[in-house]
Amino acid sequence: QVQLVESGGGLVQAGGSLRLSCAASGRTFSRYAMGWFRQAPGKEREFVAAISRSGGSTYYVDSVKGRFTISRDNAKNTVNLQMNSLKPEDTAVYYCGATTTILITNKNSYDYWGQGTQITVSS
């Protein structure tokens, strides 16, 4: 019903920057809060950042505050994650998700997921 496609992953040196984008299908994008989650090998998927339906509220896990910025463009049906000052511990597969619930930092609240994009930070 809703399809999400991430792009912008890749290999970057510690201290560098990457920008992820997530493109959504459909005509009801603005009805969903959007989030970014990541999963490293051997670990559970964890919350990274989320943004409300209008873009007026954003939330971040403590480990990325001040380094990552989430944004959305409802006219383009996209959500973005600007990642600066990257660290090796940021290495993971990053997923975008869409939810109609209020609990937008909880991975179990998400109805739709993208396929994921790999981020590797070297050092």
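The residues of the chain are indexed from 1 along the displayed sequence.
- Among all heavy-atom pairs drawn from Ala14 and Pro88, the shortest one is CB-CD, 4.2 Å.
- Annotation: Glu89, atom CD; neighbour count of heavy atoms from other residues, nucleotides and ligands within 6.0 Å is above 12.
- Of all heavy-atom pairs between Ala98 and Met34, the closest is CB-SD, 3.5 Å.
- Here OH of Tyr94 is found 10.5 Å from OG1 of Thr117. Values are rounded to the nearest 0.5 Å.
- With rounding to the nearest 0.5 angstrom, the OG1 atom of Thr99 is 10.5 Å from the CG atom of Asn108.
- Proximity of a side-chain donor or acceptor of Asn106 to a complementary backbone N or O of Leu103 within less than 3.5 Å is not detected.
- Counting heavy atoms from C-beta on, the side chains of Val2 and Asp111 never come closer than 4.5 Å.
- Using modelled atom types, one finds a donor on one side chain and an acceptor on the other under 3.5 Å when comparing Asn84 with Gln82.
- The backbone N or O of Thr101 lies less than 3.5 Å from no partner atom in the side chain of Ser109, so there is not a single donor-acceptor pair.
- Side chain of Gln115 to backbone of Glu6: a donor-acceptor contact under 3.5 angstrom is found.
- Salt bridge absent: Lys107 and Glu46 never bring a charged side-chain N and a carboxylate O closer than 4.0 Å.
- Proximity of Tyr112 to Tyr32: side-chain heavy atoms (C-beta onward) are separated by under 4.5 Å at one or more points.
- Residues Phe68 and Asp90 meet the side-chain proximity criterion, which asks for heavy atoms closer than 4.5 Å.
- Each of Val93, Thr91, Leu18 was checked for a side chain to side chain contact (heavy atoms under 4.5 Å, CB included) with Ile119, and the lone residue meeting it is Leu18.
- Note on Asp62 versus Lys65: salt bridge recorded, some NZ/NE/NH1/NH2 to OD/OE distance being below 4.0 Å.
- A side-chain donor-acceptor contact under 3.5 Å links Arg67 to the backbone of Ser85.
- Rounded to the nearest 0.5 angstrom, Ser122 OG and Leu11 CG are separated by 5.0 Å.
- One finds the CZ atom of Arg31 at 12.5 Å from the CG atom of Asn74 (value rounded to the nearest 0.5 Å).
- Between the side chain of Arg72 and the backbone N or O of Ser52, at least one donor-acceptor pair lies under 3.5 Å.
- Side chain of Thr78 to backbone of Ala23: no donor-acceptor contact under 3.5 angstrom is found.
- Taking the six-membered ring for Trp and the full ring otherwise, the centers of Tyr110 and Phe37 sit less than 6.0 Å from each other.
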- Working for side-chain contact (heavy atoms from CB on, under 4.5 Å), residues Phe47 and Tyr59: CA-CA 10 Å; Phe47 167 75; Tyr59 308 88; 4.0 Å; yes

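- By the 6.0 Å and 45° rule, Arg38 does not stack over the aromatic ring of Tyr95.
- Rounded to the nearest 0.5 angstrom, Asn77 CG and Cys22 SG are separated by 10.0 Å.
- Evaluated for a side chain to side chain contact (heavy atoms under 4.5 Å, CB included) with Ile70, the options Ile51, Val64, Val48 yield exactly one hit, Ile51.
- Counting heavy atoms from C-beta on, the side chains of Leu20 and Asn80 never come closer than 4.5 Å.
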